[in-house]
Amino acid sequence: MVNFEINVYAGDPDGKKSRIGALPGDDYFEEPQTQYERMRTLRIIVVRPNGEIEHNEYLYRSIPEAGLGEYHNIRLKVAGGETKQVYVFANEASMFTDGAGSPAYDFNKLTIGSTFPTDEINSLKLSCGAGEPLIDNTGSDKHYLPMTESYSIDIRTPQADGTDLYQSANLFITRATVKFGFFITPVAAPVEPYTIEEFEIQSLGNCEYLLPIDAEYVPAKYPVYFADRYITKYTVPEGSVNKPYSFKPNITVTPETTVGSTIPYAPALYFPETKLASDSKFYIRMRLSGDREYSGMVPLPNLPSLPRNTYVKINIALGLADVDFTVDIMPYAAVPLNPQFGFDELLPRPPVNPGEVPPWVEFP
C-alpha cells in the first residue's frame, strides 16, 4: 500500500497572485461574490484500473464558509503499482441539470468496492434555460461555482527500502463556468450626459458536460502541478442551444465624469462554456441612450470560443469620436489575449466646421 497525498488548486479568483497583465478595476470583486468562486466542498473519488472505487471522500467540515483557493494534505491509502483515475468535484450542490433546480448526480451512492460508472459520469451535463445564466448570484440566493476535473495518475510500487511509500499529486480543478466583466473608461468628457443601457453578448450556450470533455490545456494538463491553465479545445453536448444574453448596466457618463477612471461592471452571472459553428463569431451589441440613441453590434474576432474557467474582460474606451474595445480572456489566471478593434461615430464627434457649437452629435 502507498500513502497517497492529494493537493487541489482552484486558482485565485481575486487575481492577486496569478493574473498577469491585470487592468484597472481588477479589484472590483466584493467579498460575498469572491467566496462563491472558491471551493466550499470537495469530493475526491479514486478508481482502480478494474473500475473498482477505492475511495470516495467528501470534504466540507474543514473548509470555511469563505471558501478556499487551495486544499492540501488529503491523505489516502491506495494500492501501489496501478494507474488510478482520480475525479475531483467541488461545490457539487451547485451542479444543476436544469438551472437552479435538480442536482446533476448523487455522488454519495458511489460506494467503496463498487464499480465506477465511467460512461454515466462522463455524460453528465450542466444546463440552464437558453439565454439564461447557469448560476445567478446577483440576488439573495447564492451558489458556489461548480468545479470539476479528472486525472490518470500512476502510483508506483513501493520498494522494500521504503522508496515510493509516500507519493503525492498536485491537481488543479476547473470552474465549469464563464463570466463577463465590462470595464468602461471615458477617455474624453462628453458634452451631454448619456447612459450605457445594455451590453448584449450573442450566442451563449445552455448546456455543457459536467467534466471537461476532449479538453486541451495550455500549459498541458500533464505532468500535473499547480498552475493556471487555459482550455483551448473542448466538446459540448450535441443539441445545445445558443442564444444572446443582455446585461443591463445602466451606467451614466456625464461631463463631470473623471476622464481616465475605469467604471467596472461585472455582475455575478455565470454561463456554460459555449461553442460556435466554425464560420461563426461572437458579437457584442452596445446600446446608448441620452440626447440621442444608438444601438450597434460588432464582432469579437479575438473571442473564438468560450471554454469553461474563463473570465472575459471587455475593456471599453469611450472617446468623443469612437469606441475602442479590448478583450482579455482571463482563465482566472495568466493567459490574456489582447487584439484591438473598434468602430467610429458612437459618441459625439469633434466639431467639423469652424465655429460649430455643441452638441455635434451624429449617429450612423
Roughly how far, to the nearest 0.5 Å, is the CE atom of Met286 from the CD1 atom of Ile184? 9.0 Å
Are Asn122 and Leu124 close enough that some pair of their side-chain heavy atoms sits under 4.5 Å apart? no
For a 4.5 angstrom cut-off between non-hydrogen side-chain atoms, does Leu42 reach Val8? yes
For the residue pair Phe247 and Tyr245, does the interplanar ring angle fall in the parallel (under 30°), tilted (30 to 60°) or perpendicular (over 60°) class? perpendicular
Can Leu171 be reached from Tyr222 by stepping across I, L, V, M, F, W or Y side chains whose heavy atoms are under 4.5 Å apart? yes
Distance only, no hydrogens: is a donor on one side chain within 3.5 Å (strictly under) of an acceptor on the other, for Thr195 and Glu197? no
Without hydrogens or angle criteria, can the side chains of Asn108 and Arg43 be said to hold a donor-acceptor pair below 3.5 Å? yes
Please lay out, stage by stage, how Thr83 and Ser152 fare under the test side chain to side chain donor-acceptor pair (under 3.5 Å). CA-CA 6 Å; Thr83 298; Ser152 292; over 6 Å; no
Taking the side chain as every heavy atom from C-beta outward, state whether Phe180 and Ile201 have any pair of such atoms under 4.5 Å apart. yes
Quick test of your reading of the model: are Glu54 and Lys84 salt-bridged, counting only N-O distances below 4.0 Å? yes
Working for side chain to side chain contact (heavy atoms under 4.5 Å, CB included), residues Arg308 and Ile231: CA-CA 7 Å; Arg308 66 185 64 202; Ile231 294 177; 3.6 Å; yes
Close side-chain approach of Ser240 and Tyr209, heavy atoms under 4.5 Å: no
Nearest 0.5 Å, please: how far is CD in Glu238 from SG in Cys207? 11.0 Å
Applying ring-ring contact (aromatic ring centres under 6.0 Å, His included), name anything that partners Tyr151, two or more places apart in sequence or on another chain. Phe172
Find out whether the Lys NZ or Arg CZ of Arg229 is both under 6.0 angstrom from the six-membered ring centre of Phe226 and within 45° of the ring's axis. no
With Arg40, which residues qualify under salt bridge (charged side-chain N to carboxylate O under 4.0 Å, His left out), at least two apart? none
Looking at Glu82 and Pro49, what are the two nearest heavy atoms and their distance? OE1-CD, 3.5 Å
With distance as the sole test, does Asn242 use its side chain to make a donor-acceptor pair with the main-chain N or O of Gly131 at under 3.5 Å? no
What's the shortest heavy-atom distance between Thr274 and Pro272, and which atoms? OG1-O, 3.3 Å
Salt bridge (charged side-chain N to carboxylate O under 4.0 Å, His left out) pairs touching residues 149-173, sequence neighbours excluded, are Glu149-Lys221, Arg156-Asp164
Who pairs with Thr115 by side chain to side chain contact (heavy atoms under 4.5 Å, CB included), at least two apart in sequence or on another chain? none
Test salt bridge (charged side-chain N to carboxylate O under 4.0 Å, His left out) applied to Glu5 - qualifying residues, sequence neighbours left out: Arg75
Residues two or more places apart in sequence or in another chain: which of them pass side chain to side chain donor-acceptor pair (under 3.5 Å) with Tyr234? none
Pairs satisfying salt bridge (charged side-chain N to carboxylate O under 4.0 Å, His left out), at least one member in residues 108-129, at least two apart: none
Hydrogens and angles aside, do Glu92 and Tyr105 bring a side-chain donor and acceptor to less than 3.5 Å of each other? no
Under the rule for salt bridge (charged side-chain N to carboxylate O under 4.0 Å, His left out), what residues qualify as partners of Lys275, not counting sequence neighbours? none
Return yes if a side-chain donor-acceptor contact under 3.5 Å exists between Lys77 and Asn3, otherwise no. yes
Are Tyr270 and His143 close enough that their ring centers fall under 6.0 Å? no
Looking at side-chain heavy atoms only, is the closest gap between Tyr87 and Thr118 below 4.5 Å? yes
Aromatic ring proximity, centroids under 6.0 angstrom, Tyr9 and Tyr71: no
List the atom of Gly181, the atom of Tyr311, and the distance in Å for their closest heavy-atom pair. N-CE1, 3.7 Å
Taking atom NE2 of His55 and atom CD1 of Ile6, what is their separation to the nearest 0.5 Å? 8.5 Å
Indicate the ring-plane relationship of Phe199 and Phe182, choosing parallel, tilted or perpendicular according to the 30° and 60° boundaries. parallel
Nearest non-hydrogen partners of Ser305 and Phe282, listed with the distance: CA-CE1, 3.7 Å
Are any of the side-chain heavy atoms of Phe116 and Ile45 separated by less than 4.5 Å? yes
Above 12 or not: heavy atoms from other molecules or residues under 6.0 Å from NZ of Lys243? no
Give me the atom names and distance for the closest heavy-atom approach of Thr157 to Gly81. OG1-CA, 3.1 Å
What I'd like to find out is whether the side chain of Asn137 reaches to under 4.5 Å of the side chain of Leu269, using heavy atoms alone. no
CG of Leu288 to OG1 of Thr252: how many Å apart, nearest 0.5 Å? 11.0 Å
Run the numbers on Val2 and Gln167 for side chain to side chain contact (heavy atoms under 4.5 Å, CB included), then give the verdict. CA-CA 7 Å; Val2 169; Gln167 300 177 40; 3.7 Å; yes
Is there a donor-acceptor contact under 3.5 Å from the side chain of Asn309 to the main chain of Thr174? no
Would you call Val224 and Asn170 a side-chain contact if the rule is heavy atoms closer than 4.5 Å? no
More than 12 heavy atoms of other residues, nucleotides or ligands under 6.0 Å from OH of Tyr166: is that the case? no
Who are the salt bridge (charged side-chain N to carboxylate O under 4.0 Å, His left out) partners of Lys233, not counting sequence neighbours? none
Please tell me whether Tyr217 and Tyr230 form a close aromatic pair, meaning their ring centres lie under 6.0 Å apart. no
In chain order, what residues pass the side chain to side chain contact (heavy atoms under 4.5 Å, CB included) check against Ser114, with sequence neighbours excluded? Ile53, Thr111
Asp214 and Thr235: side-chain donor and acceptor closer than 3.5 Å? yes
Under 3.5 Å, side chain of Glu208 to main-chain N/O of Val236, donor-acceptor pair present? no
For residues Ile155 and Ala79, report the shortest heavy-atom separation together with the two atoms involved. CG2-O, 3.9 Å
Quick one: list whatever passes side chain to side chain contact (heavy atoms under 4.5 Å, CB included) with Tyr283, sequence neighbours left out. Gln202, Lys281, Met297, Pro299
From Tyr144 atom OH to Asn91 atom CG, the distance as rounded to the nearest 0.5 Å: 8.0 Å
Across all chains, not counting sequence neighbours, the side chain to side chain contact (heavy atoms under 4.5 Å, CB included) partners of Pro146 are Ser94, Met95, Leu126, Ile135, Ala176, Thr177
Could you check Phe89 against Phe107 for ring pair (Phe, Tyr, Trp, His ring centres under 6.0 Å), going step by step and ending with a plain yes or no? CA-CA 10 Å; Phe89 301 99; Phe107 293 98; 4.4 Å; yes
